[in-house]
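Okay, so here's the structure we're looking at.
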Amino acid sequence: MLTPAQTAIIKATAPVVAAHANQITATFYPLMFERFPEVRAVFNQSHQRGGAQPQALANAIIAYASNIDRLEVLGSAVAGIVQKHVSLNITADQYEIVGSCLMEAIGQVLGDAVTAEIADAWGAAYWQLARLLIAAEEAEYARKAALTGGWRGARRFRIAEKTPESAVITSFHLAPVDGGRVMDFQPGQYLGLKLTIDGETVHRNYSLSASPNGQSYRISVKREERGQVSGFLHDRAAVGDELEVYPPAGEFVLTDSAAPLLLITGGVGQTPALPLAEQALAAGRRVVYVHAAINGTVHAFRDHVDALAARHAALQTVYCYAEPEANDQPDLIGLLDQEQLAALLPTDAGTEAYVVGPKPFMAAVIAALTALGLPSGAIFHEFFGPKEAVA
């Protein structure tokens with residue numbers, strides 16, 4: 001716990017640190033990668049080059065310092081960090097690396113303004129948060145390891161099947177090499193993958209796109225332009241190849257509600273919605289399943305969702321194509337807008353919306369739902385990458 005004096009120093013210096021937060025994080029990451037190149041693997045370097053990761057860390061530093069005496073308001077953010085860290089198998093020793101490099105970056109940027117007392121307070125603040133995260137992550141590692149079919153750390157899986165789903169999306173069915181069971185997961189969660197590509201270790205998270213079966217997992221990956229990992233999986237990974245997998249993680253899961261569910265997805269954002277829809281229907285909820293795609297060639301899983309709708313009268317499907325081709329049969333044409341969503345949004349009390357897709361898509365959909373009166377607490381979204389403002 002911080003002393004009252006340390007808390008006062010953090011509150012007093014927070015505006016100065018906030019004013020230089022972007023410079024601090026821009027100094028921190030190159031410093032850390034140079035000193036400790038082994039940690040590069042857990043950071044998506046495209047997020048580094050685009051500035052998303054440094055900006056997200058700057059925002060996090062500001063939020064933490066600004067709420068240093070009321071950390072309870074950061075509860076949901078901390079829970080999200082824990083899930084992401086668990087999916088990457090973050091360990092306690094890595095907090096030592098981050099802490100030392102972050103404090104050095106603060107010193108380099110702020111210079112003589114960082115007195116011994118200020119350095120002590122910020123160091124104590126960092127370790128207050130670090131210890132909280134380390135304890136929460138250790139509890140989560142232990143919980144997963146104790147589950148039937150659970151494990152801790154990396155487990156080797158084999159690509160048992162590779163199935164094209166559209167012109168740009170391919171599914172990978174992963175079975176454990178040891179032949180044992182695999183732990184169940186909550187629909188909406190994702191897997192952490194550790195791969196070695198041309199001698200470089202990289203980590204990625206991919207949503208689980210099929211409901212739990214206790215024997216295998218399925219992820220569905222879109223080929224991204226210049227995507228290092230997606231390109232490798234599409235072009236070079238073959239049935240029989242092995243890769244390392246961390247246990248399922250994530251907080252994009254259904255609430256305990258019986259109210260109607262509006263699932264709105266764009267592109268490959270559809271993947272977590274598939275098991276979410278099945279879970280909601282099994283619980284007796286009405287589901288409106290809205291999927292936006294450019295056209296039919298890139299629309300994956302249409303047959304699967306149509307078959308699900310044929311079995312469940314409570315499932316309404318709506319397909320929106322931005323640029324339909326001649327033989328396409330969408331329900332809507334163009335980009336989803338507020339007027340279209342108004343016609344689809346259930347009016348029942350407690351209706352919830354889950355939104356997944358490219359960031360601009362989610363921002364537009366969330367803005368439209370908010371304008372239509374859906375409370376912010378009833379709108380959920382999943383975004384792979386650094387925590388950024390979406391709505």
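Along the sequence shown, residues are numbered consecutively beginning with 1. Nothing here was measured: the structure is a model prediction, and the numbers come from that model.
No donor-acceptor pair closer than 3.5 Å links the side chain of T13 to the backbone N or O of V16. Side-chain atoms of Q6 do not come within 3.5 Å of backbone N or O of A121 as any donor-acceptor pair. Q270 places a side-chain N or O within 3.5 Å of a backbone atom of A300 that can act as its donor or acceptor partner. One N or O on the side chain of D337 and one on the backbone of Q340 form a donor-acceptor pair closer than 3.5 Å. With hydrogens and angles ignored, the 3.5 Å screen pairs a side-chain donor or acceptor of S230 with a backbone N or O of E224. Remark: side-chain polar atoms of K162 are paired, donor with acceptor, to backbone N or O of L233 under 3.5 angstrom. At distances below 3.5 Å, at least one donor-acceptor pair connects side-chain atoms of S87 with backbone N or O atoms of K84. R285 contributes a side-chain N or O that, together with a main-chain N or O of A259, makes up a donor-acceptor pair within less than 3.5 Å.
Summarising the geometry of F361 relative to A292, their closest heavy-atom pair is CE1-CB, 3.8 Å, with the distance given to 0.1 Å. Closest of all the heavy-atom pairs between P164 and T170 is CA-OG1, 4.0 Å. Across all non-hydrogen atoms, the minimal contact from L208 to P275 is O-CG, 3.4 Å.
Relative orientation of the Y126 and Y95 rings is tilted, given thresholds of 30° and 60° on the angle between their planes.
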Could you walk me through whether E278 and S211 satisfy the side-chain hydrogen bond (donor to acceptor under 3.5 Å, both in side chains) test, starting with their C-alpha distance in whole Å, then the side-chain angles of each, then the deciding distance to 0.1 Å, before giving a yes or no? CA-CA 8 Å; E278 293 177 359; S211 296; 2.3 Å; yes
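By the 4.5 Å side-chain criterion applied to Ile, Leu, Val, Met, Phe, Trp and Tyr, F252 is assigned to a cluster that also includes L254, L261, L263, L274, L276, L281, V287, Y289, F301, V305, L308, L315, Y319, Y321, Y354, V356, F380.
Two different hydrophobic clusters hold V290 and V298 under the rule that ILVMFWY side chains link at heavy-atom gaps under 4.5 Å.
When the shell of 6.0 Å around CD of E38 is examined, it contains more than 12 heavy atoms from other residues, nucleotides or ligands. The number of heavy atoms from other shown groups lying within 6.0 Å of CG (L335) does not exceed 12.
Taking the ring centroids of F43 and F33, they lie under the 6.0 Å cut-off.
Legend: residues meeting side-chain contact (heavy atoms from CB on, under 4.5 Å) with Q186, ordered by chain and number and at least two apart, are Q189, V253.
Annotation: side chain of L88 is not in contact with side chain of Y246 (no heavy-atom distance under 4.5 Å). You'll find the side chain of C101 reaches within 4.5 Å of the side chain of F28, heavy atoms only.
At a cut-off of 3.5 Å, with distance as the only test, a side-chain donor of T255 or E352 sits close to an acceptor on the other residue. In this model, no donor atom of one side chain and acceptor atom of the other lie less than 3.5 Å apart for S220 and E165.
Using a 4.0 Å cut-off between a side-chain N of Lys or Arg and a carboxylate O of Asp or Glu, D198 and R236 qualify as a salt bridge. Remark: E138 engages R152 in a salt bridge, criterion side-chain N to carboxylate O under 4.0 Å.
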